[in-house]
Structures are given as structure tokens and as C-alpha cells.
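Each remark here refers to the structure printed beneath this line.
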Amino acid sequence: MSEQQRPEAETDAPVFSPRKNGQAQSVSDELAAWMRTGWADTERRDLEPVEQAEHTARRRARISAAFPGERLVVPAGQLLTRSNDTEYPFRAATNYAYLTGDTSDGGCLVFTPDGHGGHDVVLYLKPRSNRDNGEFWLGGYGELWTGRRNSLPEAAELLGVATADVRTLPDALRSGDTAVRIVRGHDAELDAIVDELRGDADEESRAKSAQLDSDLGVTLADHRLVKDAWEVAQLQLAVDATVRGFNDVVKALPQAKDTSERFIEGTFFLRARVEGNDVGYGTIAASGSNATTLHWTRNDGPVREGDLLLLDAGVETRTLYTADVTRTMPVSGTFTDTQRKVYDLVHAAQEAGIAAVAPGRPFTAFHEASQRVLAEGLVEWGLLEGPVDRVLELGLQRRYTLHGTGHMLGMDVHDCAVSRQELHLYGDLEPGMVLTVEPGLYFQPDDLTVPEELRGIGVRIEDDVLVTEDGRTVMSAGLPRSSAEVESWLAERLPR
Ligand code: GLY
Ligand code: MN
Ligand code: MN
């Protein structure tokens, strides 16, 4: 958080630092005076709350009840420098957006004990730019550079929470001697203020403080494990947009053949952007043997006739819910016999995994079900020596399966990763949980333990699955899964 973003709230002094053009601009008194005047009142009044406001209120009440008597600090995060005076696109911290519905940069949600067992909750935000001191047009973060922000009263109405000027936050935090916890790692200045307030003098007290902060993050992740109906609807929107993006890619495959995997990546991204969304993680557009690299995001390889293309991509909604879907498709439109053999085994493993997703089943059940099918196939093909139980016990199939079969999905693509193990990794599935089921087989191009015809083949099939009261719903069922369905899909959409 720079001085520029948090100048003193009450000041007439210029607080801007004209940065976009590299050097300070001199401004005549006449121009400065003229720029202060002649602006219409654009304040919006009587705004309807955003639709998630009732949900965020409930989430705040739940986290308040979990930490009575403690101050909680949940920052949005700050813009990060990409190069010189340009920044990476901003994406608000997940827990902040979960509790506020806000996705702007530089804010912070603060729970302050109210003395009656609850909390006063205030959302500290960047206010509208000051017109009197020139910041709005001369400062690199002024509204004429970055766009109009909500005024504090507007934000309070929209989000259904009290708001305050974020420039007053450091003083507010320094007042009183309440025990404090922060969701660390998003705002270096706020982290430093919390450290200063604690004044930990030795390693032991620093470790205890770190535990306090990490417990806040764990509790928030625990709360996010089960999605409410509004969140499920957001995830379905993300998945549906992702399905449209995959369909676009299939239509564009012939052009990709003339360029590179980046054409695939760009085609998917175009769908996300034209619908006003983003992607939830770096798109993996992996053709040929690049598909054997799990997180291939360089996407600079060729797309060749005869190759398999593995596309792992997910649209993230404006409310920050993401899909995570993978399809592996033959660029030519038809699988070779060897490609089909690998694909069909992965598909069978996925079917077994999806069937094991149900309320009350252990989280690990779908992984075990998929891995068993893959191990059986690998033994049958003679790549692994049976019996299958021995293979599974020693995990030998992992030479070719490499990763776990899935993960929770939500606002983060690998959602709630820090939640308590007894609720998540060693817990049982509950209605409202959403997870991916994504088995894969990867035969590295230089793996001498497999026949030459398998080398360089990578297949993953990934779907997003909602746990329901009586079983599961495959949210990404709009895309084909079996090898025959994939070929029909390509035949229908590939231009002739
Ligand atoms: N896209 C990363 C994953 O599937 O987990
Ligand atoms: Mn994925
Ligand atoms: Mn995934």
C-alpha cells in the first residue's frame, strides 16, 4: 500500500504523484482551479444491494461467531507491479470477496469486537478521488486514469455493510489493544501494522502469532467447503461459459494448426472476455507430448494433425467463481487405435470416480476408485506387474498417473486447500461440496518402460461435480466425455 493510495484523509496538499508519463507535470494555477470546478454530481442514491449481499452478511456473522472478542483483518490485496509502472490485472483475495462481495483493490474488511460478544464490521475502501487536490486527474490511481469508484455511501448500499475511508485504517487498527488476526500475505503494509501492534519480541511469540493468523485462514476455508445455492449457481455459470469456450476451440482447431497452442489459449480467453469474465487459472493448451506436462502453460508448441490436444481451462465469473474442465481431443477429429485405448481407460477411470462421489462417502473414495481402474488397465497392458492390490499399495501406477484425481472447486481453482484435514482430505463429502474428478495417464516421450507407440501420449478428462442430497450432478455434462462422443462433437463442429 503506497503513500499515494493512502494519503491523509483530510488534506489540501497534492497527494498525487503523476506516474503514468514518468515525470511530474507542471500545472498552472489557472488550470488547477479550473479542473476543480464544472463537474456534475454523479452520486447514485437508493441503490439495490448486490444479490450476494444476504449471503455475505450470513458469512460475516458466522466468522464473527467463531472469533469472539478478537479483531479480524481481511485485506483485499494491492495491485502488484508487473514492470516499471504497469501492474498485473488485479484479482481480489478470495476470503475478502467471499465476505464482502467486493472485488476492487486496496480495501480491507475489519471485524472489531463490539463489547457484547459480537463485532462491528466495517469495510474500508478507497474513496472517490479528491477533486480539490488534483489527484483525480493527475495521480496515476486517480479516477480519470483508473475509472470511477463507488463512493463510500454507494458501496455501503450495494454491499450491505458499513464503509469507511481506507486511509483511516492504519490509525483505526492502532487504536485499542484488542487481540488481532489477519489473513496474511495480501497487503504488506497491513501485515506490518499487525506485526507492530503485536510487538512479538522472540521466535516463540512470533510462531504463536503466525498460528493465530493461519487459524483464521483455515476457518475461512472450512466455512467455504460447502457452497450455498447462490454459489452453486455462480459455479454453474462459470461451467456453462467454459463449455461455450471449449466449443469455440473445437471450431478454431484448423486455424490453430497454422499457428500454435496459443491460438487455442486465445480462443478460449476470447470467450471468457467477450462475456465479461476472466479465466480462473492459466489455460493449459497442450498438444502432442506437451500433454504429458501437467501444468503446461507455455502454450507455445505446434498443433499438429495426428496429435491429441489436451485443453484444461476454466472461466472465472465476475463474482470470482471458477470452472476447471479438461478435454483431450484428436486434432484430426479421429482417435488412432492407440490414442483411443488410452483415452477409453482414462474415461473408465473417470466414470468410476464420478460414481464414487456421493454424500457420506469419504473424500478419498473417488480417487481410490479411479486409481484402481487405471492400475487394472496398466497391469492388463503389461506395463505394471500385478497383482493390482500390490500396485496400488506401492502406488506404482503413479509413474503414469502422476497427480491426485481431483480437488475442491469454488472461488479458488484448488479451493479450500488449507481447510482442516478432518473436514476435507480425511472427511466425508457433504451436499453442496463441488469437486473435480480428473484422472489422467501420461506417458513421457522419453519413458523407456512403455512401448514406443505410447510415448508422448497424455490424456486427462476433468469434470466439475456437485455433491447433492442423493448423489451427484456433473455440472460440466454439457461437454462430451466418451471417445465416441468426442469424435461426434468434433465431426459436428470442425469446419469441413
Ligand atoms: N487446472 C489445474 C487442475 O486441474 O487442477
Ligand atoms: Mn484442470
Ligand atoms: Mn483440476
Side-chain angles (χ1 to χ4, degrees), residues 91 94 221 224-225 227 235-236 238-246 249 261 264-265 267-269 271-272 277-287 290-299 308-317 320-329 343 346-347 349-351 353-354 356-357 363-364 366-367 369-371 374 398 400-419 424-425 429 433-442 458-467 472-481 486:
R91 199 277 195 185
T94 290
R224 293 189 357 246
L225 273 171
K227 277 66 184 172
L235 280 165
Q236 190 65 60
V239 170
D240 292 347
T242 298
V243 169
R244 290 190 287 278
F246 274 71
V249 163
E261 295 161 340
I264 306 287
E265 177 190 344
T267 301
F268 186 83
F269 190 55
R271 169 60 66 175
N277 297 313
D278 207 333
V279 289
Y281 56 92
T283 294
I284 299 166
S287 189
N290 291 337
T292 65
T293 301
L294 298 180
H295 284 177
W296 177 260
T297 52
R298 285 183 227 160
N299 300 344
L308 289 178
L309 170 72
L310 183 156
L311 174 63
D312 181 342
V315 167
E316 180 188 76
T317 61
L320 307 187
Y321 287 82
T322 189
D324 181 12
V325 173
T326 305
R327 286 296 180 270
T328 307
M329 61 194 92
Y343 188 96
V346 175
H347 180 227
Q350 202 207 20
E351 293 275 276
I354 290 173
V357 172
F363 175 79
T364 48
F366 77 97
H367 171 69
S370 281
Q371 293 292 303
L374 292 172
R398 287 181 57 188
Y400 311 117
T401 67
L402 294 178
H403 58 78
T405 307
H407 50 84
M408 293 296 182
L409 184 70
M411 300 181 81
D412 286 328
V413 61
H414 297 157
D415 206 39
C416 307
V418 300
S419 56
H424 182 178
L425 298 182
L429 295 176
M433 289 178 169
V434 177
L435 58 149
T436 68
V437 180
E438 51 174 310
L441 279 175
Y442 311 92
V459 172
R460 177 163 66 255
I461 313 173
E462 176 171 26
D463 282 274
D464 302 339
V465 183
L466 166 69
V467 183
R472 71 209 69 79
T473 299
V474 179
M475 302 178 81
S476 43
L479 287 174
R481 285 200 293 124
V486 168

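One-based numbering, in listed order, for ligands and for the atoms of each. Values reported hereafter were calculated over all heavy atoms of this structure, with side chains retained and with hydrogens, waters and symmetry mates removed.
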Asp463/Arg472 ion pair, N-O < 4.0 Å: no
Shortest non-hydrogen contact from [X] to [Y]?
X: Phe268; Y: Val315; result: CZ-CG2, 3.8 Å
X: Tyr442; Y: Arg460; result: OH-NH1, 2.7 Å
X: Asn277; Y: Ala241; result: ND2-CB, 4.4 Å
X: Thr322; Y: Ala238; result: C-CB, 4.0 Å
X: Leu310; Y: Val459; result: CD1-C, 4.2 Å

Option of least heavy-atom distance to atom 1 (N) of ligand 1 (set: Leu294, Thr297, Asp312): Asp312
Any Arg460 heavy atom less than 4.0 Å from ligand 1: no
Heavy-atom gap His414 to ligand 1 smaller than 4.0 Å: yes
Do the side-chain N and O atoms of [X] and [Y] include a donor-acceptor pair separated by under 3.5 angstrom?
X: Glu438; Y: His407; value: yes
X: Asn290; Y: Glu261; value: yes
X: Asp412; Y: Thr94; value: yes

Distance below 2.8 Å from the Mn ion (ligand 3): protein N/O/S atoms: Asp324 OD2, His407 NE2, Glu438 OE2, Glu462 OE2
Side chain, backbone, both or neither: Thr326 near ligand 1, heavy atoms under 4.0 Å: neither
Glu316 and Arg91: CA distance, side-chain angles, deciding distance, salt bridge (charged side-chain N to carboxylate O under 4.0 Å, His left out) verdict: CA-CA 11 Å; Glu316 180 188 76; Arg91 199 277 195 185; 3.1 Å; yes
Contact atoms of ligand 1, heavy-atom distance to Tyr281 under 4.0 Å: 1 (N)
Contacting atoms of ligand 1, where contact means under 4.0 angstrom from a heavy atom of Glu462: 4 (O)
His295 N/O under 3.5 Å from ligand 1 N/O: no
Closest protein heavy atom (residue, atom, distance) for atom 3 (C) of ligand 1: Asp324 OD2, 3.4 Å
